[in-house]
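Below is one structure; the comments refer to it alone.
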Amino acid sequence: MLNVVVLVSGGGTNLQAIIDSVESGAITNTKITGVISNNKNAYALERAKKHGISAQCISPKDFETRDRFNEVFLETIDSMQPDLIVLAGFLVVIPEAMIEKYRNRIINIHPSLIPSFCGTGYYGLKVHEAALARGVKVVGATVHFVDEGTDTGPIILQKAVEVEQGDTPEVLQRRVMEQAEWKILPKAIDLIANGRIQVEENLVKILP
Ligand code: GAR
């Protein structure tokens, strides 16, 4: 059984997609052990509680130094003994010690086709604003392992989504979530839970 901890900051629609997929059996061999948010008002925490999943807030704001936050954050994660950490709209930089310790066991969903519209400053709605400003006709989402860079780790799954005439950033964000994110994030977890993902250097192989 893959023991999964999900990290969130906001609405938690990706968390919801994971919960629903575990409950429906679309994700197998997986248990969501806990949800952590850096934002105590995140609706994602309510979603977890409604499904009987332990949910807690750990915020850098509640610590005197970033180093102290990083230590307590890592201790909290360690105490949950995760096989996989899922960043589902988590907007806090992951401490290097955690990346090192959980190498190829942390995945992130990013709302663009990496390497477009990613890296520092590209998160949430900003990604979709930038895509519309550039006039691209195809956007999408990416699930990747987390390494020391921002959105640079090995790519697991991607899905393309068409931009439509008259799209606003909000409309495009919703379409990318519905057509791509809520599909490929649960799919990636299921592949990992069933031993079908192999990482060599920074390339991912999906086993049959
Ligand atoms: C999602 O669109 C996710 O891809 C994005 O934040 C949103 C969270 O929504 N993540 C990033 O931009 C990370 N760089 P949710 O809380 O409803 O899942």
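Each ligand, and each atom within it, is numbered from 1 in the order the structure gives. All figures in this text were calculated on a predicted structure; none of them were measured in a lab.
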Once you restrict both partners to nitrogen or oxygen, which atoms of ligand 1 have a protein partner under 3.5 Å, and how far apart are they?
residue  : atom   : partner : partner atom : Å
ligand 1 : 2 (O)  : Glu181  : OE1          : 3.0
ligand 1 : 2 (O)  : Glu181  : OE2          : 3.0
ligand 1 : 4 (O)  : Glu181  : OE1          : 2.7
ligand 1 : 4 (O)  : Glu181  : OE2          : 3.4
ligand 1 : 12 (O) : Gly124  : N            : 2.8
ligand 1 : 14 (N) : His110  : ND1          : 3.3
ligand 1 : 16 (O) : Gly11   : N            : 3.4
ligand 1 : 16 (O) : Gly12   : N            : 2.7
ligand 1 : 17 (O) : Gly12   : N            : 3.4
ligand 1 : 17 (O) : Thr13   : N            : 2.8
ligand 1 : 17 (O) : Thr13   : OG1          : 2.6
ligand 1 : 18 (O) : Thr13   : N            : 3.4
ligand 1 : 18 (O) : Asn14   : N            : 3.0
ligand 1 : 18 (O) : Asn14   : ND2          : 2.9

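- Under 4.0 Å is where a charged nitrogen must lie from a carboxylate oxygen, and between Glu71 and Arg68 at least one such pair does.
- Among residues two or more places apart in sequence or in another chain, the salt bridge (Lys or Arg N to Asp or Glu O under 4.0 Å) test is passed with Arg196 by none.
- Under 4.0 Å is where a charged nitrogen must lie from a carboxylate oxygen, and between Lys183 and Glu178 no such pair does.
- The list of salt bridge (Lys or Arg N to Asp or Glu O under 4.0 Å) pairs with a residue in residues 122-150, not counting sequence neighbours, reads Arg103-Glu148.
- Within the structure, side chain to side chain donor-acceptor pair (under 3.5 Å) contacts touching residues 107-119 (residues at least two apart or in different chains) are Asn108-His144, His110-Ser112.
- Between Tyr122 and Phe117, the ring planes are perpendicular. Angles over 60° get that label, and only those under 30° would be called parallel.
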